[in-house]
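The next block holds one structure in the form of structure tokens; read it before the comments.
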There are 2 protein chains.
Amino acid sequence: MSKSLTEKLSELAKRRGFFFQSSEAYGGVAGFQTFGPEGAELKRNIENSWRETFSDSLGHREIEAPTIMPEPVFEASGHLDTFDDMIIECPECGTSSRADHLVEDNTDIEEAESFSHEQVEALIKEHNLECPSCGEDLSNVAVEDFNLMFETSIGPGSGQTGYLRPETAQGIFVEFPRLKEYARNQLPFGITQIGKAYRNEISPRKGLVRVRELTQAELEHFIDPEEDEPRLEKVEDVELKLYSREQQNAEDGEPQFMTVKEAVEEEVVESDWIAYYLGIAKQWYEEIGVDMERFRFRQHQNDELSHYASDCWDAESQVDGDWIEITGFAYRGCYDLKKHDQYSREDYKIFKEYDEPKTVEKNTVSPDMGYLGPEFGDKAGKIAEKLEEIAENEPEAFEADKVFVEVDGEEYSVPADKCNFSVEEVTENGEHILPHVVEPSFGIDRMVYTVLAHAYDEDEVDDEERTVMRFNEEVAPTEVAVFPLMDKEGLGEKAQEVADKLREEGFSVKYDDTGNIGKRYRRQDEVGTPVCVTIDYETLEDEPETVTVRDRDSTDQERVEISDLADYLA
Amino acid sequence: MSKSLTEKLSELAKRRGFFFQSSEAYGGVAGFQTFGPEGAELKRNIENSWRETFSDSLGHREIEAPTIMPEPVFEASGHLDTFDDMIIECPECGTSSRADHLVEDNTDIEEAESFSHEQVEALIKEHNLECPSCGEDLSNVAVEDFNLMFETSIGPGSGQTGYLRPETAQGIFVEFPRLKEYARNQLPFGITQIGKAYRNEISPRKGLVRVRELTQAELEHFIDPEEDEPRLEKVEDVELKLYSREQQNAEDGEPQFMTVKEAVEEEVVESDWIAYYLGIAKQWYEEIGVDMERFRFRQHQNDELSHYASDCWDAESQVDGDWIEITGFAYRGCYDLKKHDQYSREDYKIFKEYDEPKTVEKNTVSPDMGYLGPEFGDKAGKIAEKLEEIAENEPEAFEADKVFVEVDGEEYSVPADKCNFSVEEVTENGEHILPHVVEPSFGIDRMVYTVLAHAYDEDEVDDEERTVMRFNEEVAPTEVAVFPLMDKEGLGEKAQEVADKLREEGFSVKYDDTGNIGKRYRRQDEVGTPVCVTIDYETLEDEPETVTVRDRDSTDQERVEISDLADYLA
């Protein structure tokens with residue numbers, strides 16, 4: 001049986017230094033991967049391209065917050081209560097499994113994640129599901145919650161409980177009171193962050209798809225939901241492949257192609273802001289080499305939505321027939337800022353100035369304390385406070401002769417003319433609002449994996465099988481490889497010279513002088529270098545000097561003058 | 001009393017978004033800082049400059065390993081046993097303090113870190129030191145070890161113990177068996193990594209100097225200690241300010257100025273490799289704006305050396321009179337690779353091929369099993385093995401008639417002629433060696449702090465006090481700020497156009513149209529933008545169009561044609 005793409009990719013990744021399981025010398029730990037030299041460079045290129053597209057070009061600013069955060073943050077955000085997966089532990093061998101995956105893997109059910117514990121327990125019983133490790137019957141075993149945050153203790157002694165952040169977003173939300181100052185309290189503004197996030201998965205998969213330590217690139221765009229509009233015209237003609245909730249639930253439902261403009265007009269995508277970012281993102285995926293034949297935007301089902309999101313679309317890529325979520329586009333509303341506003345001691349609102357001051361009517365009282373004091377003694381203060389409340393809520397009470405007030409369970413009556421009730425016109429310059437948040441959230445490891453999988457190709461060159469990574473130039477770990485045909489008779493020196501010159505011109509260059517030329521080409525093909533430049537004996541003979549330029553994809557070779565090389569490559 | 005630089009810097013950092021204590025809305029947690037937009041950009045610029053200098057230009061490769069690693073790694077590396085600080089816990093109020101710092105802060109002693117527990121306990125008793133929190137006498141309280149690694153549990157149930165790595169280096173060492181393959185088993189080669197490291201400090205300081213979550217940039221240069229030499233000629237004339245062990249211990253000891261070449265020749269720096277990297281690093285510090293008047297290289301005292309290092313120099317910068325370690329240059333020998341070679345199941349040696357195969361004499365035996373079998377029964381195999389050992393270690397034994405062998409406590413005699421002892425010539429192509437490691441290890445947070453502190457300046461402009469960050473262009477968060485004088489009559493559009501054009505030319509550009517021009521200049525001065533470009537009414541009138549270019553340091557203004565702007569700025 002021929003190998004799957006996943007298997008071939010995993011072998012190539014290990015052989016060429018894209019990624020491999022960490023600490024294998026000690027048996028490895030599931031869910032932790034190390035990026036080797038090629039993979040780290042590919043990942044960095046993808047991150048830099050993301051930064052350029054989603055931060056710099058849009059005028060957003062990037063911050064860097066710590067990965068360890070204190071417990072109260074996650075009490076407020078809801079992660080301590082709800083960031084759980086369903087776990088079932090085998091009473092026989094002690095193996096823990098994700099209960100919903102157990103159901104999905106052994107039945108026709110696809111979305112068990114959204115079911116209740118009771119539903120999952122019933123399904124396990126109904127299908128007589130067994131422990132995947134020892135075969136024990138799990139019919140009567142309870143399904144429990146398992147919180148996915150890594151816990152640690154900060155400082156000596158009993159210390160303070162901290163968690164490795166499960167998303168970079170909270171590092172932005174928590175600091176909103178300061179970030180709004182840097183934005184001079186003007187909405188809209190966007191804050192981005194690229195950094196590590198951690199999820200203590202119950203059963204991580206091999207490779208980069210479900211890892212316990214991951215890199216996220218998140219953009220939190222803070223907007224005034226009543227006033228701010230995205231610049232839809234920038235992306236209105238971008239064509240999207242949308243797999244809506246409706247189509248997913250239909251008998252023969254299929255993803256539909258439509259432009260951003262159509263998606264908004266036909267309300268396939270509810271939020272203009274989400275539609276806007278789908279458009280920006282679609283262009284970016286193409287730029288970094290995601291194959292649009294193996295790509296779609298999928299709307300979340302209602303029972304799939306996170307606790308904070310009102311509408312959510314995922315970008316999904318296909319590898320070996322499986323759909324992988326690579327980005328979530330969520331309209332988080334004011335959920336997070338509201339929570340932190342309630343739980344913390346800081347103010348997460350923004351003062352929104354009106355275009356013109358508004359005049360509003362305000363009911364006030366100014367009780368005659370010279371009367372209230374002697375008459376009511378130590379209750380006078382509380383009675384006055386009560387009168388203010390009544391003025392605000394039941395102003396009509398002051399139309400009677402006497403106003404009745406209840407304080408500490410006793411009723412008192414105050415002559416209306418001692419209350420000095422009046423209606424005043426007050427000028428207000430604005431109001432304090434909680435911004436809403438639009439969040440495109442990218443899983444960088446899965447982006448790297450998708451780019452690798454979609455770049456992978458095999459063909460034949462000179463009757464030999466060849467593996468070639470067809471990376472776009474934007475992300476290729478190396479742009480140009482430079483070889484001397486041999487490292488003798490001055491070829492090595494000349495090649496070094498050419499390599500240095502290209503580096504100065506801003507190209508990322510690798511120099512290689514080991515093995516025969518054919519082997520060197522294969523090596524560069526496998527790490528996806530678009531162009532190889534060879535310095536041979538002709539180089540030294542020609543006037544002006546020329547080199548052989550070989551194209552990765554076609555394997556065509558051409559002679560180019562050294563002085564034209566930078567222009568030719570650009 | 002006027003404020004210290006530290007205080008002023010901390011205020012500016014908060015006000016302008018360089019850095020601030022994280023999660024302050026929840027009271028903050030000591031030792032965790034967030035980089036705001038300006039700080040994150042400054043930090044990224046420093047990291048990219050480091051990558052360019054210490055990885056790309058030197059032909060080293062960068063990897064990215066996880067921050068969580070399993071326990072066996074740190075059993076091998078020695079961190080589980082020895083990565084401790086001395087802690088003393090107040091029996092009255094429970095406050096934990098660093099015992100050595102308690103001594104240093106309250107006596108004339110400067111280097112208590114290298115003392116034993118007993119010495120520190122004696123000093124506490126001798127000076128009647130008290131709990132800094134409640135004043136309780138600590139004379140008879142024991143000093144304990146406190147391990148600085150953050151611990152966590154991986155996976156559900158009892159899980160597997162993991163630690164947040166205390167240095168990025170171990171992520172490189174552990175993967176050496178694979179990394180050597182990517183280097184095609186050829187020494188020397190260098191692997192770099194920029195990433196988070198974690199130290200659960202007992203008493204973190206405010207700001208960026210002693211934090212619990214930090215960024216390191218480490219280079220592990222793997223060398224053959226017998227053959228590989230650094231390219232000293234590249235840096236031989238670089239002048240170093242060296243504060244040697246000898247000078248530190250001398251009565252009027254002072255740092256000495258000498259070139260890299262002199263330092264090596266006079267053996268002030270023992271290792272050529274360390275001297276080489278001091279030279280490379282010195283040039284880099286200058287490039288990113290470290291003030292050489294507030295800088296020195298200091299050699300470690302013998303009792304200060306880490307468990308793995310044979311010689312170590314620190315680069316230190318001075319802020320407010322305090323010396324801060326910003327880089328450690330350590331010759332780690334083969335300590336780490338040897339440990340992992342012993343503790344793990346992988347091979348950490350490199351096969352070193354000889355230039356020419358060596359012929360060596362080898363003693364062999366080929367015992368006559370037809371004799372040994374019947375004669376010695378089930379002991380025959382062990383006796384044959386023993387004979388091989390004797391051939392290797394005491395070949396003269398075969399000169400006698402009989403050879404005596406002890407097996408399982410019994411002595412047996414074997415006729416020499418049944419042993420077939422001979423001396424053969426064997427050709428060996430190479431040997432397996434453990435590479436040595438040269439490690440320059442940079443604390444990026446402290447680099448950022450140094451660059452901020454050394455860039456900080458105050459002067460007077462138009463009779464007003466001004467704070468100005470004199471960043472080098474290499475690291476300034478923003479290279480050019482573009483302002484329209486007003487956002488009307490087409491000035492805004494023209495300014496956007498100029499900003500976009502400069503961005504296309506590769507400049508990092510900020511656009512600002514709020515507040516009066518004077519305020520905008522001050523804002524840019526405080527975030528260290530070298531140049532401001534203003535589009536005013538003259539711009540639209542002039543033919544060809546011109547703008548005002550204002551220099552941060554001199555505050556001089558000049559009119560420049562828009563078409564010349566990019567060249568002018570470059």
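Everything numeric in this text was worked out from a predicted model, so none of it was measured. As a basis for the values below, the full set of heavy atoms in this structure was taken, side chains included, without hydrogen atoms, waters or symmetry mates.
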Cut-off 4.5 Å, heavy atoms of chain B, and the answer for A/Thr192 is neither
A/Glu11, CD: over 12 other non-hydrogen atoms inside 6.0 angstrom: yes
In terms of heavy-atom pairs under 4.5 Å with chain A, the winner among B/Gln170, B/Gln193, B/Lys510, B/Arg15 is B/Lys510
Can you tell if the side chain of A/Met86 reaches within under 4.5 Å of the side chain of A/His101, non-hydrogen atoms only? no
Comparing B/Thr152, B/Thr67, B/Ile87 against chain A, the one with the most heavy-atom pairs below 4.5 Å turns out to be B/Thr67
Heavy-atom nearest pair, B/Glu201 first then B/Asp85, reads OE1-OD2, 3.9 Å
When the 4.5 angstrom heavy-atom criterion is applied to B/Ser153 and chain A, the contacting part is backbone
Bottom line for A/Tyr348: the part with an atom under 4.5 Å from chain B's heavy atoms is side chain
Turns out that what part of A/Leu148 lies under 4.5 Å from chain B's heavy atoms comes down to neither
### Query
Do A/Ser508 side-chain atoms and A/Glu479 backbone N/O form a donor-acceptor pair below 3.5 Å?
yes
If one checks every heavy atom of A/Gln186 against chain B at 4.5 Å, the contacting part turns out to be neither
Whatever's closer than 4.5 Å to a heavy atom in chain A on B/Ile68 counts as both
Under 6.0 Å from the CZ atom of B/Arg231, do we count more than 12 heavy atoms belonging to anything else shown?
no
Honestly, the part of A/Phe150 sitting under 4.5 Å from a heavy atom of chain B is both
So, the part of B/Tyr198 with a heavy atom under 4.5 Å from chain A: the answer is side chain
Turns out that what part of A/Phe20 lies under 4.5 Å from chain B's heavy atoms comes down to side chain
Whatever's closer than 4.5 Å to a heavy atom in chain B on A/Tyr511 counts as neither
Greatest number of non-hydrogen atom pairs under 4.5 angstrom with chain A, of B/Arg503, B/Lys43, B/Met69, falls to B/Lys43
Applying a strict 4.5 Å limit to non-hydrogen atoms, the region of A/Arg184 in contact with chain B is side chain
Whatever's closer than 4.5 Å to a heavy atom in chain B on A/Lys14 counts as both
Turns out that what part of B/Arg98 lies under 4.5 Å from chain A's heavy atoms comes down to neither
Bottom line for A/Glu41: the part with an atom under 4.5 Å from chain B's heavy atoms is side chain
### Donor-acceptor contact below 3.5 Å, side chain B/Asn147 vs main chain B/Leu80
yes
The interface call for B/Glu89 against chain A, heavy-atom contacts under 4.5 Å, is neither
Bottom line for A/Arg212: the part with an atom under 4.5 Å from chain B's heavy atoms is side chain
Whatever's closer than 4.5 Å to a heavy atom in chain B on A/Ile154 counts as both
Side chains of B/Phe74 and B/Arg165: does their closest heavy-atom pair fall under 4.5 Å? yes
When the 4.5 angstrom heavy-atom criterion is applied to A/Glu181 and chain B, the contacting part is neither
Cut-off 4.5 Å, heavy atoms of chain B, and the answer for A/Glu175 is side chain
